[in-house]
Structures are given as C-alpha cells and as structure tokens.
Amino acid sequence: METLSEFQLIRQYFSALGASRADVALGVGDDAALVDVGSGKLLAVCTDMLNGGVHFPADAPAAAVGHKALAVNLSDLAAMGAQPSWVLLALSLPSADAKWLDEFTAGFQALAQQAGVALIGGDTTRGPCSVTVTVLGQVVPEQVLRRSGAQVGDRVYVSGSLGDAAAGLELWLAGQRSGSAAVEALLSRLHYPSPRLALGAALGGLASAAIDVSDGLVADLGHILEQSGVGARVELERLPLSAPLRAQVDPAQALHLALAGGDDYELCFTVPAEQEGAMLQTAKQAAVDVTAIGVIEAEPGLRILNSAGQPVILQQTGYQHFVAKPS
Ligand code: ADP
Ligand code: MG
C-alpha cells in the first residue's frame, strides 16, 4: 500500500468532504476556514490537536501544554489576520491528576486572558494525553490574509527569529531542564510560543499572503508558493537568528534549524514593494521585528542561496506526520 503524506492524505480524503455551501468563504487548505455568518465580518475557525509525546514531550510542564495548545491555534488566526474571540477545549487524559490540571489550566488561562478569548465549551474524556483546541475569531473581508495571494516581485518576510523552538526541543530531549540564559530562552520558545496576533491583524490589507511557521520555514513558505502558483528565492544570510540560538549552536546548525525546524509560530508573509514602507511602520507599532529574507519569483519552487549566491540543498524540509515514500 502506498504511504500518503499528511498533505496528500488531506487532499485525497478531506478537502471535498461534506456538503458544499455558499457561505463558506474559504474551506480546507489555509491556516483557518472563513465562513460568512452575515455579520459583515467573516468568522475564522481553526482547530489543532496536540498529542503527548508527538507535539509536546510527554514530560513537558503542564502549564506549557495549556499555553501551547491555545497558542498554536491563535497563531493560525494571526496568519489569517483575524482577531480571536472564543475557544473550545477537548481533553483526553489518562487520569485526573489535580496538580497537572491546576498547572495546565493556569498556562491556558494566562494566554486566554491576554488574547481576550472566552472558553465556551469542549469535551473531557479518559485516554492517551491529547489536547484539541478550536478557536473562533473574526476578520473583516478586506483584512483577510490568505496563503494564495503572493505575486511575482513581492518581498518575503518573517517575524521574530527562526530555529529557536527546534533548538529548545533538542535541549529538552537531551535532558536540559535549565541552564544559561540562552538555554532557558530556547526552552521558553519551545514551551511558550507567542502567537503574533497584533502583527497578523496589522498586516491585513498590506501583506499579499501569510502563513504561520509551525512545520518549518521551508515547508510553510512552500505552502504559500504552491497555493499562489509562484516560486521564491531566499537568502540564507538574511534569516533572522536570535542571540540565544547563535550562542547555543554552531552557525551551520543554526541555519538548518531556521530552515527546517518547526514550532516557532512566527509569521511568514509576502508584501508588494509599494506596501513595504507602510508594513514596516505597522510592524514597528506592533513592536515586532520583521526581516526581509527573499523575493517571490515566477519559476515554481524555493531556491535557497548561500552568501556566494549558490543554491543550498536541504536534507529535511520540515515536520510531517506521514511521510511519502520516495518514488
Ligand atoms: P496548520 O499547520 O496551519 O494548522 P495543517 O497543515 O494542519 O494547517 O492543515 C492544512 C489544512 O488542512 C488546514 O486548512 C486544515 O484545516 C485542513 N485539515 C487538516 N486535517 C483535516 C481533516 N481531517 N479534515 C478537514 N480538513 C483538514
Ligand atoms: Mg498554520
């Protein structure tokens, strides 16, 4: 039997499932779905499941699990330019451990308060540790950010820095629970990602396409390119690397993690040249660093160039739950 990749599987089995409805403005395939409920705004909806031992280490702090389960969904709304409003929480737990639940809910609550989202429902069951969060938000149609809008000549940008969470995961899996300021900063990026909500909302009307970086830059920028029918050139030396990452890993590894490491939850977006000035102003107001890393080109595919202008070949492009067999 042929093994399908996660994305082939979604395309083959789920992208056309269900009835078709005229009020679905955007269905399967972007960071969130958009539905028109007749309020003038679009309702943005997304759901993400976090399994213990897969999406978070089995021994991750419970507060981190609570934070991250919400953060990864808020990040998907940020990538649509939407503002979060409501959340549902479905939990499967092996046992009712009061200490774990106290910490989990504290982590969830701190971020929910900060983001202004109300918990309005969910489900609680016994089983392997798994957390599914569904977030609902709102966006006016003119402010929507899709994966599919990138045009030839647009600049490719990323927020913040890349590779930190993947470095944090390596440290955690190697048994590091604390250490230097750099180690703690990387562990914190792994466990407590900050969804870029203010930036995402500010990019509406300015960016031509956007996605959040959950599976790694190459994989996620790849979705923008595919869905926009374009390609891109990215310059390796422009990738934003944090001081903690540079302090902790050697330069080649830092670049590898920045390209292929997941879990950073930064935004990757494209901006037409004439909107660049306004975008930089708006990012400054949102107090988020943004870095131009490349440009959209007509030739399909992603070309990563080193400082000598030579193409770099990646061994591994990002996290996938099901990997296709090489043909
Ligand atoms: P993200 O990383 O932004 O959460 P994913 O890569 O998980 O997005 O999913 C890609 C797209 O496929 C999204 O639009 C998501 O809603 C959709 N999707 C994933 N799994 C299913 C499924 N089982 N049924 C319907 N849609 C799905
Ligand atoms: Mg996403």
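Each ligand, and each atom within it, is numbered from 1 in the order the structure gives. Residue numbers start at 1 and run along the sequence shown.
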Part of R147 within contact of ligand 1 (heavy atoms, under 4.0 Å): side chain

N or O contact, D215 vs ligand 1, cut-off under 3.5 Å: no

Plane angle bin for W172 and H191 - parallel if under 30°, tilted between 30 and 60°, otherwise perpendicular: perpendicular

Joint hydrophobic cluster, V312 plus V234, side-chain heavy atoms closer than 4.5 Å: yes

Opening angle between OD1 in D76 and OD1 in D31, taken at the Mg ion (ligand 2), to 10 degrees: 100°

CD on E103 to NE2 on H67, rounded to 0.5 Å: 15.0 Å

Contact summary for L197 and A82, nearest pair of heavy atoms: CD2-O, 4.1 Å

D48 and ligand 1 - part of the residue with a heavy-atom distance under 4.0 Å: side chain

Contact flag D220/the Mg ion (ligand 2), N/O/S atoms, threshold under 2.8 Å: no

Polar side-chain atom of N306 near backbone of A308 as donor-acceptor pair, under 3.5 Å: yes

Side chain, backbone, both or neither: Y13 near ligand 1, heavy atoms under 4.0 Å: neither

Test of proximity, G29 against ligand 1: N or O pairs below 3.5 Å: yes

Non-hydrogen protein atom less than 4.0 angstrom from atom 16 (O) of ligand 1: no

